[in-house]
Structure formats: C-alpha cells, structure tokens
Amino acid sequence: MPSSRTTRPSVSRLKQPLWRKVPATAGDVLQAARARLASTSQYPRRDAELILAHVLGCDPTALLTHPERLLSALQAKQFETLLKRRLASEPVQYLTGEQEFFGLLFEVTPDVLIPRPETEHLVEAVLEQFGRDENPCIVDVGTGSGAIAVAIAHALTRAHVTAVDFYPKALEVARRNAERHGVMDRVTLRQADLLVEAGTAEFDVVVSNPPYIANGEKLEPQVANYEPQSALYAGPTGLEVYERLIPQANRALKPRGWLMMEIGYGQQPALEALLGGWREVSFVPDLQGIPRVVQAQKS
C-alpha cells in the first residue's frame with residue numbers, strides 16, 4: 001500500500017504558491033487549489049476549474065479529460081494570482097470576466113452586477129407574453145451588463161429592446177454583450193435615471209431587476225465587498241426604486257402594457273400595495289418557491 005506521503009500533498013505544501021512548483025500538471029494544480037478554497041468557497045471545485053480553464057484558455061471539461069496537461073511558469077503564476085483574489089472572496093466571475101445567463105455567455109466587470117440564475121425567471125415571464133413572430137417594444141431599466149435585454153432580444157428575433165442605465169461604464173459592458181450576441185441592431189442603449197426620459201405610451205413591456213436591498217442589510221462578503229453598491233441597495237426600506245419606477249412605468253407603457261420586476265425576499269405584500277391600481281397583478285416563484293418576479297398590467 002502506498003504511503004499517504006506519496007498520494008496526498010501535505011498541508012504546508014498546499015499553501016505554497018503554485019507557480020513555484022513547475023512544471024505542474026492541471027490535475028495537481030486543481031487538487032491543491034480545491035484544498036485551499038475549501039474553507040472560503042461554497043463551490044471550491046467549480047471555482048478552481050473555472051479559474052484554471054480561464055488561464056489556460058480552454059473549456060473546464062478539458063481539464064478533467066486531460067489532467068496531465070502541463071502549465072508553463074507564467075500560467076502557474078497567473079493562476080496563483082487569481083486564486084489569491086478568490087481566497088479574498090472576490091467573485092470568480094470578476095476573475096474570469098464571464099458569467100452564463102439564459103444559455104448565453106456574458107462579459108461582466110466590477111462595474112455591473114453579476115447576473116443570477118433567479119433573474120432568468122424574469123426573462124421567461126417576458127417571453128411568455130409574446131410569440132417569436134411578434135415585434136414588441138421593450139425597455140430594460142437598470143440594464144447593467146445587458147443580460148436581460150440581450151437575452152430577450154436574442155429569443156424574440158423581431159423585438160426591439162431599449163437598455164437603460166444611469167452609469168456609462170455599465171452601458172459600455174451592455175454594448176459589448178449586445179454586439180457579442182448579434183443583437184445590437186435591435187438594442188438601443190440609453191443613459192438615464194430610470195424612465196425619467198421615456199416617452200408617454202412608448203413601450204409594450206417595462207422589465208427591471210432594480211436595487212431592492214435595504215441599507216444596512218448584511219450580505220455575503222463576495223457581494224458586499226465587490227459588486228456595485230448602486231445595483232444592490234435601494235434605500236432605508238429597499239422599496240425606494242419601486243416607488244419611483246412604478247408610476248414612471250405607468251406613464252411609459254402603452255395601454256394594457258406589462259410591468260415585470262424582480263423582487264426581494266418578503267417584499268410581496270409591499271409590491272401588492274404599490275401596484276394597487278394595476279390589473280392582473282401576480283407573482284412568479286423561484287425554484288425554492290419564493291416570490292421572485294411581480295408582473296402587472298397597466299389599466
């Protein structure tokens with residue numbers, strides 16, 4: 001029977017910078033990285049594979065099928081640098097610069113919120129209202145990376161989507177994502193504060209994943225310390241953006257148009273009250289059964 005010394009690296013060895021042990025194989029590097037990430041990451045295996053695949057410019061599955069692949073000294077050093085940033089709780093999406101959303105790969109930077117799987121329910125709610133041959137006019141308020149706007153435009157090939165954000169750097173990311181997925185001809189970027197500059201009865205749908213966290217609410221370090229605060233916190237109650245956006249949407253929507261928004265945990269009663277004058281108010285739960293999307297039709 002082989003000794004444990006020959007089959008498992010010691011704890012002290014795992015803490016050594018990986019780039020000093022070259023040549024190193026992808027399998028060895030992943031094993032060491034998973035052990036180091038185990039105490040700080042909820043998904044140490046996934047994080048290690050995504051970071052290494054990014055450094056090597058390959059698909060993560062290639063790391064599993066070819067664990068004998070050797071890293072150069074430069075690649076090992078680059079991986080060690082990114083790994084230390086992940087150990088400090090920086091989101092892996094900011095390290096790789098990418099996040100998948102609705103089956104599409106999006107560029108993300110620290111200037112934009114990282115798209116979440118829960119937000120896909122919002123896109124699905126919009127798509128359920130229209131067939132592929134229809135040409136609705138839709139606005140995505142607070143577009144950030146453009147994930148919602150681009151996903152909708154990609155799925156509804158005749159739709160025109162206006163992507164609104166207050167921050168120019170976010171709009172630059174949204175533009176690159178629209179170009180990346182070939183929908184720039186049907187996506188209009190607009191810098192504005194919510195729908196202040198929107199016309200009257202301009203849109204068939206207003207969709208938004210606005211800030212809805214109350215000031216002072218504690219978040220995980222990788223969210224609180226790295227993602228843009230302006231995309232997270234709405235104000236003292238967490239309802240401040242809804243209170244502004246709902247009347248603006250009522251003006252900007254065509255008759256019988258739809259307002260669809262992501263909401264936070266426990267906010268359903270407050271949204272029901274804010275949408276008291278609207279028709280067909282309903283809530284869509286996420287996979288955990290928590291109300292995640294509110295949709296309402298203009299009277």
Worksheet item: What do you reckon, is CD of E217 surrounded by more than 12 foreign heavy atoms closer than 6.0 Å?
Response: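 Atom CD in E217 is crowded, with more than 12 foreign heavy atoms closer than 6.0 Å.
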Practice prompt. Give a yes or no on this: more than 12 heavy atoms of other residues, nucleotides or ligands lie within 6.0 Å of atom CZ of R34.
Written response: yes
Suppose the criterion is ring-ring contact (aromatic ring centres under 6.0 Å, His included): which pairs have a residue in [range], not counting sequence neighbours?
| range | result |
| --- | --- |
| residues 202-261 | none |
| residues 98-120 | F106-H181 |
| residues 260-299 | none |
| residues 153-174 | none |

Can you see which heavy atom on [X] is nearest to which on [Y], and at what distance?
| X | Y | value |
| --- | --- | --- |
| L239 | A270 | CD1-CB, 3.6 Å |
| L194 | L245 | CD1-N, 4.3 Å |
| A151 | L104 | CA-CD1, 4.2 Å |
| A214 | P236 | CB-O, 3.5 Å |
| A296 | V281 | CB-CG2, 3.8 Å |
| A163 | V187 | CB-CG1, 4.3 Å |

Quick one: salt bridge (Lys or Arg N to Asp or Glu O under 4.0 Å) pairs with a partner in [range], sequence neighbours left out?
| range | result |
| --- | --- |
| residues 238-247 | D193-R244 |
| residues 128-137 | none |
| residues 66-76 | none |

So, does [X] use its side chain to make a donor-acceptor pair with the main chain of [Y] at under 3.5 Å?
| X | Y | value |
| --- | --- | --- |
| Q129 | V126 | no |
| T65 | A62 | yes |
| E227 | I114 | yes |
| N135 | R158 | no |
| T157 | A153 | no |

[X] side, atom [atom1]; [Y] side, atom [atom2] - distance, nearest 0.5 Å:
| X | Y | atom1 | atom2 | result |
| --- | --- | --- | --- | --- |
| D185 | T188 | CG | OG1 | 9.5 Å |
| R85 | E80 | CZ | CD | 13.0 Å |
| R256 | K298 | CZ | NZ | 12.0 Å |
| R176 | E107 | CZ | CD | 4.0 Å |
| I263 | E272 | CD1 | CD | 8.5 Å |
| L195 | Q248 | CG | CD | 5.5 Å |

Do [X] and [Y] land in one hydrophobic cluster if side-chain heavy atoms of ILVMFWY residues count as linked below 4.5 Å?
| X | Y | result |
| --- | --- | --- |
| L52 | L37 | yes |
| Y94 | V55 | no |
| V207 | M261 | no |
| L71 | L83 | yes |
| V29 | L50 | yes |

Discussion item. For E98, give me all partners under salt bridge (Lys or Arg N to Asp or Glu O under 4.0 Å), at least two apart in sequence or on another chain.
Written reply: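 By the salt bridge (Lys or Arg N to Asp or Glu O under 4.0 Å) rule, E98 matches R180.
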Worksheet item: In terms of side-chain heavy atoms, does Q99 have a donor or acceptor partner in R116 at a distance below 3.5 Å?
Response: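 The criterion, which ignores hydrogens and geometry beyond distance, is not satisfied for R116 and Q99.
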Discussion item. Let's go through V294 and Q268 carefully: what are the C-alpha distance in whole Å and the side-chain angles of both, what is the deciding distance for side chain to side chain contact (heavy atoms under 4.5 Å, CB included) to 0.1 Å, and is it a yes or a no?
Written reply: CA-CA 8 Å; V294 61; Q268 178 174 343; over 6 Å; no
Indicate yes or no: at least one non-hydrogen side-chain atom of [X] is less than 4.5 angstrom from one of [Y].
| X | Y | answer |
| --- | --- | --- |
| L287 | H121 | yes |
| L232 | P211 | no |
| Q295 | V284 | yes |
| I246 | N250 | no |
| L113 | V108 | no |
| P285 | I290 | no |
| Q222 | E90 | no |
| L156 | P136 | yes |

Worksheet entry | L122 vs N209, side chain to side chain contact (heavy atoms under 4.5 Å, CB included): CA-CA, chis, key distance, verdict | CA-CA 8 Å; L122 189 58; N209 178 20; 4.3 Å; yes
Worksheet entry | Candidate pair L171 and Q191, rule side chain to side chain contact (heavy atoms under 4.5 Å, CB included), full reasoning | CA-CA 8 Å; L171 289 173; Q191 183 183 359; 3.7 Å; yes
Practice prompt. Quick one: name the residues clustered hydrophobically with L105, using the 4.5 Å side-chain heavy-atom rule over I, L, V, M, F, W, Y, and just say none if it's on its own.
Written response: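 Once heavy-atom contacts under 4.5 Å are chained together, L105 still belongs with nothing else.
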Item to complete: Give me the other members of the hydrophobic cluster that Y43 sits in, counting Ile, Leu, Val, Met, Phe, Trp and Tyr linked by side-chain heavy atoms under 4.5 Å, directly or via other members.
Response: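 Y43 clusters with nothing; isolated.
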Report, one line per pair, each donor and acceptor closer than 3.5 Å where one atom sits in a side chain of residues 138-147; sequence neighbours left out.
from : atom 1 : to   : atom 2 : distance (Å)
D140 : OD2    : T143 : OG1    : 2.7
D140 : OD2    : A149 : N      : 3.4
S145 : OG     : A147 : N      : 3.4

Worksheet item: R279: what forms a side-chain hydrogen bond (donor to acceptor under 3.5 Å, both in side chains) with it, not counting sequence neighbours?
Response: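 Residues passing side-chain hydrogen bond (donor to acceptor under 3.5 Å, both in side chains) with R279: Q297.
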Practice prompt. Give the C-alpha distance, both sets of side-chain angles, the deciding distance and a yes or no for side chain to side chain contact (heavy atoms under 4.5 Å, CB included) between L63 and C58.
Written response: CA-CA 8 Å; L63 303 176; C58 68; 3.8 Å; yes
